[in-house]
Trainee: 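I'd like to ask some things about the structure below.
In this chain, residues are counted from 1 in sequence order.
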Amino acid sequence: MSGPASVTPGMPVIRRARTADVRGIRALIAPLAERRVLVSKEAVTYFESLQEFRVAELDGRIVGCGALHVMWEDLAEIRTLAVAPELLGSGLGGRLLEELVQDAREIGVQRLFCLTFETQFFTRHGFEAIEGQAVPMDVYAELLRSYDEGVAEFLDLERVKPNTLGNTRMLRTL
């Protein structure tokens with residue numbers, strides 16, 4: 001279980017997101033969405049999924065974020081993992097990811113999915129590229145009922161192919 005964040009001067013603090021963070025999350029994501037590295041989302045979507053997010057804050061500014069979205073009993077997706085450009089390579093992305101992994105363990109998730117261009121980063125953190133379906137057919141049939149685009153990407157449905165071009169589907173077993 002994650003304890004209170006320790007505060008080290010000059011080091012971002014990772015914590016659960018709050019409603020006041022949505023503006024900062026969107027500002028962090030906007031340039032990545034423009035480059036089609038991350039999917040652009042409406043503000044309401046961030047508010048609706050706020051409880052899934054962890055943020056990294058430094059000097060009152062959101063400098064990193066990531067979300068854990070449960071898809072099935074044993075499966076969740078790492079979403080919207082981003083770090084401010086000036087902190088790339090600092091280890092902050094790995095810290096955020098490991099907080100989300102810990103969250104997954106606490107709620108009983110055994111497998112983590114991501115759709116990413118950053119295959120080297122995720123490989124260093126135990127993810128492996130996947131082909132085909134990673135769930136039994138009965139679960140696949142249930143997941144088909146979801147309205148969530150991330151679930152459609154996990155299932156590799158034809159209708160989301162334009163969103164996923166160049167991305168790699170990856171999975172980590174906890």
Trainee: Please report the shortest heavy-atom distance between Ile14 and Leu96, naming the atom on each side.
Mentor: CD1-N, 3.8 Å
Trainee: For Arg16, give me all partners under side-chain hydrogen bond (donor to acceptor under 3.5 Å, both in side chains), at least two apart in sequence or on another chain.
Mentor: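 side-chain hydrogen bond (donor to acceptor under 3.5 Å, both in side chains) check on Arg16 returns Asp103.
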Trainee: Considering only distance and modelled atom types, tabulate donor-acceptor pairs under 3.5 Å from the side chains of residues 69-78, sequence neighbours left out.
Mentor:
from, atom 1, to, atom 2, distance (Å)
His69, ND1, Glu52, OE1, 3.4
His69, ND1, Glu52, OE2, 2.7
Asp74, OD2, Arg111, NE, 3.3
Glu77, OE1, Arg79, NE, 2.7
Glu77, OE1, Arg79, NH2, 3.2

Trainee: Residues two or more places apart in sequence or in another chain: which of them pass salt bridge (Lys or Arg N to Asp or Glu O under 4.0 Å) with Arg35?
Mentor: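 By the salt bridge (Lys or Arg N to Asp or Glu O under 4.0 Å) rule, Arg35 matches no residue at all.
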Trainee: Check whether any side-chain heavy atom of Arg54 lies under 4.5 Å from a side-chain heavy atom of Gln102, and answer yes or no.
Mentor: no
Trainee: Over all heavy atoms of both residues, which pair between Leu58 and Pro12 is shortest? Give the atoms and the distance, please.
Mentor: CD1-N, 4.0 Å
Trainee: Minimum heavy-atom separation for Ala82 to Leu38, with atom names?
Mentor: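 Reported closest heavy-atom pair: CB-CD1, 4.0 Å.
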Trainee: Show every ring pair (Phe, Tyr, Trp, His ring centres under 6.0 Å) that has at least one partner inside residues 80-115, sequence neighbours left out.
Mentor: Phe113-Phe154
Trainee: Anything under 3.5 Å between a donor and an acceptor, one on a side chain of residues 120-135, the other on a protein residue two or more places apart or in another chain? List them.
Mentor:
from, atom 1, to, atom 2, distance (Å)
Thr123, OG1, Thr119, O, 2.7
Gln133, NE2, Leu155, O, 2.8

Trainee: When you group the ILVMFWY residues by side-chain heavy-atom contacts below 4.5 Å and let the links chain together, are Val63 and Leu88 in the same group?
Mentor: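 Cluster IDs for Leu88 and Val63 match.
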Trainee: Distance from Ile107 atom CD1 to Leu68 atom CG, nearest 0.5 Å?
Mentor: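 It is 5.0 Å, given to the nearest 0.5 Å.
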Trainee: How many angstroms lie between CG in Leu97 and CG in Leu92, if you round to the nearest 0.5 Å?
Mentor: 11.0 Å
Trainee: Return yes if a side-chain donor-acceptor contact under 3.5 Å exists between Lys41 and Thr80, otherwise no.
Mentor: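 Side chains of Lys41 and Thr80: pair found under 3.5 Å.
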Trainee: Any pair with a residue in residues 17-26 that passes side chain to side chain donor-acceptor pair (under 3.5 Å), sequence neighbours left out, goes on the list, sorted by first then second residue, please.
Mentor: Arg15-Asp21
Trainee: Side chains of Leu28 and Val55, heavy atoms from C-beta outward: is any pair under 4.5 Å?
Mentor: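 When only atoms from C-beta onward are counted, Val55 and Leu28 do not touch, as no gap falls below 4.5 Å.
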Trainee: Is there a side-chain contact between Val101 and Arg172, using heavy atoms and a 4.5 Å cut-off?
Mentor: yes
Trainee: Taking all atoms of both residues into account, what is the closest heavy-atom pair of Leu112 and Ala104, and its distance?
Mentor: CD2-CB, 3.8 Å
Trainee: Where is the tightest heavy-atom contact between Val109 and Leu174, given as atom of each residue plus distance?
Mentor: O-CD1, 3.5 Å
Trainee: Taking atom CD as the centre, does Glu42 end up with more than 12 heavy-atom neighbours from other residues, nucleotides or ligands that are less than 6.0 angstrom away?
Mentor: no
Trainee: Show the nearest heavy-atom pair for residues Cys65 and Ile25, with the distance to one decimal.
Mentor: SG-CG2, 4.1 Å
